[in-house]
Amino acid sequence: MDFYYTLIFTVFPYLCLTTFVVGHGYRYVTDRYGWNARSSEFLEKKALFPGTVLFHWGIVFTFLGHAGGLLIPQRVFDLFGIDSQAHLTIAYWSGLAVGLAAFFGVLLLFRRRLTHPRIQSVNRTNDTITIGALFVVISTGLFNVIFGHYNVLYSVAPWIRGIVTFTPDAMLMKGVPLSFKIHVIAAWALLAYSPFSRLIHIWSLPLTYFFRSHILFRRRVPSQ
Ligand code: HEM
């Protein structure tokens with residue numbers, strides 16, 4: 001039993017992390033011109049807008065919530081007077097809000113991808129897998145928020161910190177409900193798959209856009 005836990009909750013995450021790091025390097029070197037979000041906005045705008053806005057706001061804040069809530073130990077929150085009960089309450093309500101946004105966003109994007117004729121004609125299996133995997137990760141995460149009622153602060157959170165700090169302890173995942181296990185396994189798999197998908201665009205956030213000088217567009221003055 002312990003062997004399987006080590007395989008699933010120690011070996012598998014490190015395999016995924018290695019694929020994630022090496023895969024991004026490989027993709028960057030071999031497919032520099034394919035490094036983009038493969039936007040389909042010019043083919044269809046109307047259905048994209050609500051889906052992409054809801055999804056992107058939801059997923060970006062979900063990421064930030066996971067990073068803050070799971071990677072920072074509870075004792076740091078205690079120093080600021082946020083005990084584990086308060087921490088869980090904040091995680092529940094904020095997770096619910098951003099999780100619902102990401103869920104309905106990805107649902108709209110999935111529907112657009114599967115039903116809109118112009119999008120269907122450019123859709124690749126890779127795009128369907130990417131949105132499908134996001135759907136699985138987001139919906140199991142949201143399910144856990146709403147129905148899980150499980151304290152992750154002394155099990156899943158230290159386990160994930162152990163992975164990040166190279167002191168893994170798979171046994172912390174014993175006793176964690178199945179739906180949480182499915183969520184984390186699906187998330188690791190998506191992480192490993194991401195370098196080979198359009199998700200690489202996450203690392204090309206156009207920050208310089210906010211600081212560059214304005215581009216002026218002027219009406220062309222007709223020559224006399
Ligand atoms: C870091 C900030 C991000 C920026 C600036 C950004 C930007 C974009 C842009 C410009 C597009 C193409 C137009 C569109 O479909 O809306 C796009 C599409 C997409 N993004 Fe992002 N993105 C970000 C983060 C993320 C994250 C964190 C994820 C998921 C983990 C994600 C997943 C997707 C997906 C799946 C699509 C394709 C939607 C579709 O056409 O069906 N993005 N993103």
Side-chain angles (χ1 to χ4, degrees), residues 13 16-17 19-21 23-25 27-28 31-71 91 94-145 160 163-164 182-212 215:
C16 294
L17 270 178
T19 313
F20 177 81
V21 174
H24 274 96
R27 176 88 187 266
Y28 190 73
D31 185 23
R32 190 108 31 118
Y33 291 109
W35 191 280
N36 59 59
R38 283 182 61 86
S39 173
S40 52
E41 191 183 355
F42 70 102
L43 292 173
E44 196 286 325
K45 266 192 193 19
K46 226 173 129 195
L48 176 68
F49 183 76
T52 198
V53 171
L54 265 180
F55 169 73
H56 277 95
W57 279 108
I59 201 79
V60 168
F61 279 100
T62 302
F63 266 148
L64 295 177
H66 277 66
L70 295 175
L71 295 183
S94 54
L96 188 65
V98 296
L100 280 171
F103 176 76
F104 283 111
V106 80
L107 210 61
L108 291 174
L109 288 177
F110 213 177
R111 192 181 67 169
R112 170 180 179 265
R113 207 142 271 285
L114 298 181
T115 58
H116 205 286
R118 298 184 90 181
I119 303 304
Q120 269 176 315
S121 63
V122 295
N123 190 44
R124 307 166 307 170
T125 312
N126 189 321
D127 300 322
T128 314
I129 295 175
T130 307
I131 302 235
L134 278 166
F135 178 75
V136 172
V137 175
I138 294 168
S139 51
T140 50
L142 188 62
F143 177 90
N144 289 335
V145 172
I160 194 92
I163 301 279
V164 176
I182 295 174
H183 176 66
V184 297
I185 292 169
W188 281 117
L190 177 61
L191 198 80
Y193 185 68
S194 67
F196 312 104
S197 72
R198 58 167 66 203
L199 294 182
I200 41 145
H201 75 276
I202 299 169
W203 312 110
S204 297
L205 187 64
L207 284 177
T208 49
Y209 180 87
F210 297 106
F211 308 107
R212 68 162 166 73
I215 296 175

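Keep in mind it's a predicted model, so treat the numbers as computed, not measured. Whatever order the structure lists them in is the order used to number ligands and atoms, beginning at 1.
What sits closest to atom 28 (C) of ligand 1 on the protein, heavy atoms only, is Ile202 CD1, 3.8 Å. Of all protein heavy atoms, the one lying nearest to atom 16 (O) of ligand 1 is Thr52 OG1, 2.6 Å. The shortest contact between atom 9 (C) of ligand 1 and any protein heavy atom is with Ala37 CB, 3.8 Å. The protein heavy atom nearest to atom 37 (C) of ligand 1 is Arg198 NH1, 2.9 Å. Of the protein's heavy atoms, Ser39 OG, 3.4 Å lies nearest to atom 13 (C) of ligand 1. Regarding atom 27 (C) of ligand 1, its nearest protein heavy-atom neighbour is Phe63 CE1, 3.4 Å. Remark: minimum distance from atom 40 (O) of ligand 1 to any protein heavy atom is reached at Arg113 NH2, 2.9 Å. For atom 1 (C) of ligand 1, the closest heavy atom belonging to the protein is Leu205 CD1, 3.6 Å.
Aromatic ring centres of Phe103 and Phe135 lie closer together than 6.0 Å. Proximity of the aromatic rings of Tyr28 and His24 is defined here by a centroid distance below 6.0 angstrom, and this criterion is not met.
Heavy-atom distances between Arg38 and ligand 1 stay at or above 4.0 Å for every pair. Judged by the shortest distance from any of its heavy atoms, Phe110 lies outside the 4.0 Å radius around the atoms of ligand 1. Heavy-atom separations between Ile131 and ligand 1 include at least one value shorter than 4.0 Å.
By the criterion of a heavy-atom distance under 4.0 Å, neither the backbone nor the side chain of Ile119 is placed next to ligand 1. In Glu41, neither the side chain nor the backbone holds a heavy atom less than 4.0 Å from any atom of ligand 1. Within the 4.0 Å heavy-atom criterion, the part of Leu48 lying near ligand 1 is the side chain and not the backbone. Contacts of Leu134 with ligand 1, taken as heavy-atom pairs under 4.0 Å, involve the side chain alone.
Looking only at distances, no side-chain donor or acceptor of Glu41 sits under 3.5 Å from a matching main-chain atom of Leu43. A donor-acceptor pair under 3.5 Å links the side-chain atoms of Ser197 to the main chain of Ser194, judged by distance alone. A distance-only check finds no donor-acceptor pair linking the side chain of Arg38 to the backbone of Arg198 [under 3.5 Å]. Although no hydrogens or angles enter the test, the distance criterion places no donor-acceptor pair under 3.5 Å between the side chain of His116 and the main chain of Arg112. Side-chain atoms of His183 come within 3.5 Å of backbone N or O of Gly141 as a donor-acceptor pair.
Interface atoms of ligand 1 facing Arg112, defined by a heavy-atom separation under 4.0 Å, are 40 (O).
For the 3.5 Å distance criterion, the side chains of Asn144 and Thr140 fail to qualify, holding no donor opposite an acceptor.
With Val106 as the partner, the side-chain contact (heavy atoms from CB on, under 4.5 Å) test is satisfied by one option alone out of Ile59, Ile131, Leu54: Ile131. Of the listed residues (Thr62, Val145, Val60), just one forms a side-chain contact (heavy atoms from CB on, under 4.5 Å) with Val98, and that residue is Thr62.
Nearest heavy atoms, Gln120 versus Leu114: NE2-O, 2.9 Å.
To the nearest 10 degrees, atom 21 (Fe) of ligand 1 sees NE2 of His201 and NE2 of His56 at an angle of 180°.
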